[in-house]
Amino acid sequence: MTGRFPIEDVTPSVSCGRYPSKAVVGELVPISAVSYREGHHALGVNVVWKGPHGAAEPFTRLVPGEPGLDRWHGVIKPDRVGRWTFTVEAFDDPYLTWRNAVTKKIGAGQGLEDLANDLAEGADVLDLAAKIVPAGDEERVRAAAAAMRDENRSLFSRVSPALELEKLLWQNPVRHLVTTTRSYAIWVDRQRALYSSWYEFFPRSEGAEIGPDATPIRHGTFATAAKRIPAVAAMGFDVLYLPPIHPIGKINRKGRNNTLVAREGIDVGSPWAIGSDEGGHDAIHPQLGDLADFREFIAVARDNGMEVAMDLALQAAPDHPWVKSNPEWFTTRADGTIAYAENPPKKYQDIYPINFDNDPRGLREEVLRIVLHWVENGVKIFRVDNPHTKTLTFWQWLISKVKAVDPDVLFLAEAFTRPAMMNGLGKIGFTQSYTYFTWRTTAWEMREYLGQLKASIDWMRPNFWPNTPDILHESLQHGGPPMFKIRTVLASMLSPSWGMYSGLELFEHVNRPGAEEYIDNEKFELKPRDWAGAERSGQTLAPYITKLNAIRRDNPALQWLRNLEFHGIDNPSLLCWSKRDPETGNTVLVICSFDSANVQWGNTALDMPALGMDWHERFTVTDQLTGATYEWGQHNAVRIDPQAEPAHVFVVHPRRH
Ligand SMILES: O=P(O)(O)O[C@H]1O[C@H](CO)[C@@H](O[C@H]2O[C@H](CO)[C@@H](O)[C@H](O)[C@H]2O)[C@H](O)[C@H]1O
């Protein structure tokens, strides 16, 4: 049934309100609804929003948007982590009805006699209003009612005090016939859920030493890897993501370059092949150290302003303790064997997949136990491996259970799969999601994709990665250092969350023939890197990354996605976009080339209101990468030479400020 007043198309509402939408503490969350009414009386619309403890927040009135469309808009700003709720209310606003009528009638030349009823009715409305407004304003409202009834006054002096109450009674309206929607939920996370900069590295490689043929002479440990933390922090990262740190299976272990034969006692195996006689998901690889060493590693990261994200890969090497203790968690085939895992066309011959339908309750409890074990030991972020190969009901249950214990725990979904599943994982509770960013390699593809992601921000927060140990895109294989810069600018300036695997820093670009993967992949061998040598020779992207992360930190406009706007530019190799923070006015305008080989020219057609200015205004832009300053207007010519700088990252300074 429609209520007294229709209220439709409420946003944010995920799958018709079935799932909570997403926001972070301090985020400006737009609320909107379509609401309209019969006749000509005034309609008011407001949102009632409640924090995790159920207390209602200040009355927030929605304002009408484009004339004639009946969509009402407002913004709320949650200030605590947890499950918030809101309802939208529509109501008859007698003061506004009165005000509209009286101003029109006086404008049309009507006098005291014509308005006698309006004056009496208006005074009655003010009597009601006096009971609603804050105590300090009550007298003012009563005086306006008395003036309206005072027959010794002129028409002007009878209505003026009441007309001047517009602002007060907008904020404290008399509301009749209030109609309320159902309740909608918003899950509010800490800020890092939206704005984060991730760095992935293999701790076993840091401090490692290898001999010929990648034979390990020394395995890295948490203690040696911790020495790398200050350099990562200095680049401006705040999340340090480690591939699995658990014992690695010895049975069916993979060898170098994804081969199926490991050299006995030499090859270190893939960290995602979890479990051996040394323990499973709650254990630590003995060569990395023990729990105390891991806790110390976390402490060093924390002292350097970073959090450690742990990999949660729910699968088992054939010698994982689960295979013996709980064979029912795996699918045994007719011949008694267990099939290995796959993510077609990839084959993971060194692991067994788990069957989440065999013993859902047992598995849930075991995984919850493991996750809470690591949470207790200081891990608050999990990068979840291949969540799309497990059931959504399982994840929904697990995430809600973990958040009930600690609402600050965040989950990144590593699901490179079809859109419905990726969206579904976001809806049921994953905090962030890997995306198709890596494969969007032209300006129009990127623009179109960002449009989709912006439209999904209420349930799926993107995290852009130029590379991962699994993905060395063709563009990086052949584009040279300018392409490394391009992909890093795009990831870090388009998305509030971005991440990179350490191979990016030193321009590693050689693929395993026929694969979109690194040759001599660190997934299967130790890979110590000469960071100091790279710095000395200048063969490192670190200074550029450092600049980009600093720009992100210094410009609040870059720390969210709802504010992304694209601008016209007449060259298909260039992309122009801006982000503006309405609270601070901070505005960043980026023009990035997708061509790493050639100089590109273009002319902008800027959407000036999106930059907070009128169409005719002039302004100053300062390039944060080079320090250059230009005087700009709506139309500007740009020249981008990828060998010099493949992008302009401008902070916009309107002249009037
Ligand atoms: O399947 P994805 O491409 O999303 O990749 C993720 O999951 C893989 C399986 O966990 C993982 O693959 C690596 O570990 C496997 C198990 O040890 C091994 O068989 C693969 O060869 C190796 O690439 C991948 O790293 C992870 O990101």
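Counting convention: from 1, in listed order, for ligands and their atoms alike. Atom set for the values below is all heavy atoms of this structure, side chains included, hydrogens, waters and symmetry mates excluded.
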For this session: Considering only NZ, NE, NH1 and NH2 on the basic side and carboxylate oxygens on the acidic side, decide whether Lys324 and Asp277 come within less than 4.0 Å.
Result: no

Problem set entry | Salt bridge flag under 4.0 Å for residues Glu307 and Arg190 |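 Salt bridge between Glu307 and Arg190, a charged N being under 4.0 Å from a carboxylate O: yes.
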
Exercise. Lys254 and Asn258: side-chain donor and acceptor closer than 3.5 Å?
Worked result: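 Judged by distance alone, the side chains do pair up.
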
Find all atoms of ligand 1 within a distance of less than 4.0 Å from any non-hydrogen atom belonging to [X], and give their numbers and elements.
X	result
Lys254	18 (C), 19 (O), 20 (C), 21 (O)
Gln315	9 (C), 10 (O)
Lys523	22 (C), 23 (O), 25 (O)
Asp350	15 (C), 16 (C), 17 (O), 18 (C), 19 (O)
Lys346	3 (O)

Exercise. Among Asn258, Thr389, Asp385, which one has a heavy atom closest to atom 6 (C) of ligand 1?
Worked result: Asp385

Exercise. Does Asp293 have any side-chain contact (heavy atoms from CB on, under 4.5 Å) partners at least two apart in sequence or in another chain, and if so, which?
Worked result: Phe222, Asp290

Problem set entry | ligand 1 versus Arg383: contacting region, heavy-atom distance under 4.0 Å | side chain

Exercise. Heavy atom under 4.0 Å from ligand 1: found in Ala273's side chain, backbone, both, or neither?
Worked result: both

Exercise. Is the CH2 atom of Trp439 crowded by more than 12 outside heavy atoms at less than 6.0 Å?
Worked result: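 More than 12 within 6.0 Å, yes.
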
Exercise. Does CD in Glu342 sit with more than 12 non-hydrogen atoms of other residues, nucleotides or ligands closer than 6.0 Å?
Worked result: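 Buried by this count: over 12 neighbours within 6.0 Å.
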
In terms of residue, atom name and distance, what is the protein heavy atom nearest to [atom]?
atom	value
atom 13 (C) of ligand 1	Ser270 OG, 3.8 Å
atom 25 (O) of ligand 1	Asp470 OD1, 3.0 Å
atom 1 (O) of ligand 1	Tyr348 OH, 2.3 Å
atom 4 (O) of ligand 1	Glu414 OE2, 2.7 Å

Exercise. Do Tyr518 and Tyr501 make the cut of ring centroids closer than 6.0 angstrom?
Worked result: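 Ring centroids of Tyr518 and Tyr501 are less than 6.0 Å from each other.
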
Exercise. Polar-atom distance check: Asn386 versus ligand 1, any N or O pair below 3.5 Å?
Worked result: yes

Exercise. Is the cationic atom of Lys427 (NZ for Lys, CZ for Arg) positioned less than 6.0 Å from the six-membered ring centroid of Tyr19 and within 45 degrees of its normal?
Worked result: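 Not flagged: Lys427 not positioned over aromatic ring of Tyr19.
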
Without placing hydrogens or testing angles, list every side-chain donor-acceptor pair under 3.5 Å for residues 404-422, not counting sequence neighbours.
residue, atom, partner, partner atom, Å
Asp406, OD1, Asp408, N, 2.9
Asp406, OD2, Lys380, NZ, 3.0
Glu414, OE1, Asn386, N, 3.0

Exercise. Is Glu342 in contact with ligand 1, taking contact as a heavy-atom separation below 4.0 Å?
Worked result: no

